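By convention in this document, chain letters (A, B, ...) are assigned in the order of the sequence lines, proteins followed by strands, and residues within each chain are numbered from 1. This one's a predicted model, so the numbers in the text were calculated from it and none came from an experiment.
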Protein chains: 2
Amino acid sequence: MADVAALAGVSSQTVSRVSMDLDNVRPETRRKVLDAMAELGYSTNVAARALRYGSYGTLGVIAHRLARTGESRTVEGVVEAARAEGYTVTLVDVESPSRDDVTAAAARLSHQAIDGLVIIRAETATPDTLALPRRMPVVVSDSRFVGHHPAVGADQLDGARRATQHLLDLGHRTVHHVAGPIDSGPAQMRAEGWRATLEDAGREVPELLRGDWSAGAGYELGRRLAADPEVTAVFCANDETAAGVLRALHEAGRHVPGDVSVVGFDGIPLAEHLWPPLTTVVQDFSGIGRALVDLLLQQVRDGRILDDVHTLVPVELVVRASSGPAPGGSRPGG
Amino acid sequence: MADVAALAGVSSQTVSRVSMDLDNVRPETRRKVLDAMAELGYSTNVAARALRYGSYGTLGVIAHRLARTGESRTVEGVVEAARAEGYTVTLVDVESPSRDDVTAAAARLSHQAIDGLVIIRAETATPDTLALPRRMPVVVSDSRFVGHHPAVGADQLDGARRATQHLLDLGHRTVHHVAGPIDSGPAQMRAEGWRATLEDAGREVPELLRGDWSAGAGYELGRRLAADPEVTAVFCANDETAAGVLRALHEAGRHVPGDVSVVGFDGIPLAEHLWPPLTTVVQDFSGIGRALVDLLLQQVRDGRILDDVHTLVPVELVVRASSGPAPGGSRPGG
DNA sequence: CGCGCTCTTGTTTACGTAAACATCAGGGAC
DNA sequence: GTCCCTGATGTTTACGTAAACAAGAGCGCG
């Protein structure tokens with residue numbers, strides 16, 4: 001900046017005024033300064049500006065597996081919402097879902113220049129094990145942090161209930177469930193919604209099959225389901241798992257939805273183009289991202305730390321060809 | 001820091017020494033300082049440290065649609081590689097692929113605290129329209145920037161050639177292609193590899209079908225392909241497109257691979273669990289991320305700006321059930 | 001017993017910016 | 001013509017950290 005000032009023959013304060021595009025600077029002076037800036041390839045030093053202002057215009061995000069559907073779409077939603085508010089996003093990926101890793105990630109972030117922190121998936125970490133800088137605004141989309149930090153999440157319970165009820169309404173005697181990993185909050189809630197719906201309807205609750213969100217696990221477990229002629233309806237914890245189940249059913253020669261109906265969760269773009277097109281519970285990821293950023297910026301701007309807010313974002317059941325009437329007396333073989 | 005120093009009864013410099021965990025500080029003094037830090041919830045101010053050091057420990061990333069396969073997996077690769085080098089990543093999403101948007105993104109990033117910039121997808125922007133701060137180290141994974149900034153990319157041409165050749169080797173007379181959007185460099189190169197392979201083999205080059213990376217476009221174009229009995233082999237610009245084509249073929253009652261073989265590109269995790277499992281060209285996204293970060297950090301650390309490096313990351317053809325022998329005389333109807 | 005070395009801690013300074021305050025010139029009102 | 005007000009620009013200072021330098025204490029060796 002001093003160089004620019006010298007070249008333009010003005011004081012550094014005038015350069016500052018021009019670069020902020022504020023105040024009153026004579027057009028001629030402004031011109032000289034802009035020319036000098038261009039000539040020297042000057043751009044303002046962010047560190048100094050942040051030091052002066054005490055804020056960075058940046059939000060931190062902790063996610064687990066970035067390339068996974070839910071994560072990447074939530075991150076995208078956060079990035080979009082942050083951009084709309086004039087903030088950029090700094091990303092920290094947690095390699096393995098271990099406590100130490102998340103703590104390390106938070107520590108790394110706390111050494112980064114951020115004004116607030118979005119925890120998209122904290123996995124095994126708990127509110128206590130996260131050693132965050134005091135007064136750091138935080139929001140989470142992980143249900144286990146409800147009551148400790150303000151939380152935003154899709155209405156997992158409602159989605160699972162609607163998916164399960166949809167299958168019951170189609171006449172299926174009961175519904176099997178391929179769940180997500182046991183240490184995932186959303187996976188727990190989806191399983192819970194499934195179980196509660198069956199119990200409310202007075203139906204038998206089949207043994208839960210434990211997956212891990214992956215299509216591979218869906219395929220392996222799907223082979224067991226395909227081998228059981230009693231199975232006519234499967235609710236999967238996410239769409240990838242459902243894809244694996246569909247493949248296993250195809251391989252076993254079981255027709256979908258003639259013999260078995262399948263429902264997924266998440267609403268990935270590919271769901272509509274699986275074979276057959278997948279009935280699924282669609283999450284509004286960009287809505288979640290927006291809600292997260294709103295809640296975080298409220299805290300950042302007011303300097304006030306909220307803790308007991310929990311925003312539920314509604315989900316929507318989209319019915320496609322993968323779910324149909326239970327195989328009845330009219331069509332025993334499909 | 002001054003508060004900590006006062007509370008601990010030492011100078012701020014001693015606090016600095018403790019927080020850097022360097023130099024020689026008497027254990028007793030260190031203890032006092034650490035206690036004071038804990039009591040006050042102190043953590044070092046990054047802006048000040050960055051101002052002092054002139055670096056931020058952060059890399060910037062410009063991407064287009066974050067949730068799209070290629071983007072999110074490349075970003076994940078970059079984030080992982082950056083973490084391994086002790087850097088975090090600041091993300092800027094470009095809303096629409098317009099020149100202004102990318103320029104605005106770069107401007108926004110240049111006002112952020114970054115040591116270098118990774119352009120994953122610059123879309124319509126050109127090297128000239130990107131008003132980057134002088135001496136900002138840059139790497140790109142966009143082929144149009146080759147010669148201006150060091151570039152890293154999968155060997156698209158080779159991948160497309162191998163996919164096409166694979167189908168010819170199976171006895172197909174020719175291969176149809178559902179391409180990516182016309183303004184995408186990788187889409188161009190995949191189409192080029194396809195065309196060159198057919199020409200080298202002296203085969204007829206069918207009209208190219210213009211998609212947009214989406215499964216929906218694949219589905220629409222796939223319906224046209226399904227209606228044409230001459231079509232026996234389709235090479236799709238990416239796996240999502242291939243999923244749409246598969247669906248269209250299923251709906252039309254054409255068997256895969258009995259009647260028509262389909263090959264994708266990217267190697268998304270779901271490819272293996274589509275029906276039938278998809279033959280595809282697998283890209284090493286984390287390898288690309290690593291190469292990008294390596295190349296960028298070379299420049300960041302040496303303060304030297306490279307411009308004519310172009311790293312090609314090899315791809316791998318993974319053959320699955322979706323591609324098979326051309327329908328011959330032995331099996332006219334599937 | 002004193003000199004000098006080492007180990008620990010304190011003081012000064014600079015990083016680049018922008019707010020607060022100071023200064024100066026010009027023009028309008030009386 | 002003088003005073004005051006306004007608008008443009010310069011000067012001083014502070015943000016929090018860490019390097020460079022300075023200073024003081026303790027100890028060994030001659």
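Remark: side-chain polar atoms of A:Glu80 are not paired, donor with acceptor, to backbone N or O of A:Ser286 under 3.5 angstrom.
B:Asp308 pairs by the side-chain hydrogen bond (donor to acceptor under 3.5 Å, both in side chains) definition with nothing, not counting sequence neighbours. Taking B:Arg301 as the reference, B:Glu85 meet the side-chain hydrogen bond (donor to acceptor under 3.5 Å, both in side chains) condition, with sequence neighbours excluded. Residues forming a side chain to side chain contact (heavy atoms under 4.5 Å, CB included) with B:Val18 (at least two apart in sequence, or on another chain): B:Val25, B:Arg30, B:Val33, B:Leu34, B:Met37.
Phosphate contact (OP1/OP2 of D:dA8, side-chain N/O of A:Thr14, threshold under 4.0 Å): absent.
Residues B:Tyr56 and B:Thr88 form no side-chain contact, since every pair of their non-hydrogen atoms from C-beta on lies 4.5 Å or further apart. Between A:Ser184 and A:Trp213, some side-chain heavy-atom pair lies under the 4.5 Å cut-off. Considering only heavy atoms from C-beta on, A:His149 stays 4.5 Å or farther from A:Val139 through its side chain. Using a 4.5 Å heavy-atom threshold, the side chains of A:Leu91 and A:Val75 count as touching.
Here CD of A:Gln283 is found 5.0 Å from CG of A:Asp266. Values are rounded to the nearest 0.5 Å.
Side-chain contact of B:Thr90 with A:Thr90: a donor-acceptor pair under 3.5 Å is present, judged by distance alone.
Taking the screw axis at each terminus of the helix from C:dC1-D:dG30 to C:dC30-D:dG1 from five consecutive base pairs, the angle between the two is 50° to within rounding of 10 degrees.
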Show each protein N/O and nucleotides 23-26 of chain D N/O combination with a separation under 3.5 Å, one pair to a line.
none

Atom pairs under 3.5 Å, N or O on each side, protein against nucleotides 15-19 of chain D: can you list them with distances?
from   : atom 1 : to      : atom 2 : distance (Å)
D:dT17 : OP1    : B:Tyr42 : OH     : 2.7
D:dT17 : OP1    : B:Asn45 : N      : 2.9
D:dT17 : OP2    : B:Met1  : N      : 3.3
D:dA18 : OP1    : B:Arg49 : NE     : 2.7
D:dA18 : OP1    : B:Arg49 : NH2    : 2.8
D:dA18 : OP2    : B:Ser16 : OG     : 3.1
D:dA18 : N7     : B:Gln13 : OE1    : 3.4
D:dA18 : N3     : B:Arg52 : NE     : 3.2
D:dA19 : OP1    : B:Tyr53 : OH     : 3.3
D:dA19 : O4'    : B:Arg52 : NH2    : 3.1
D:dA19 : N6     : B:Gln13 : OE1    : 2.9

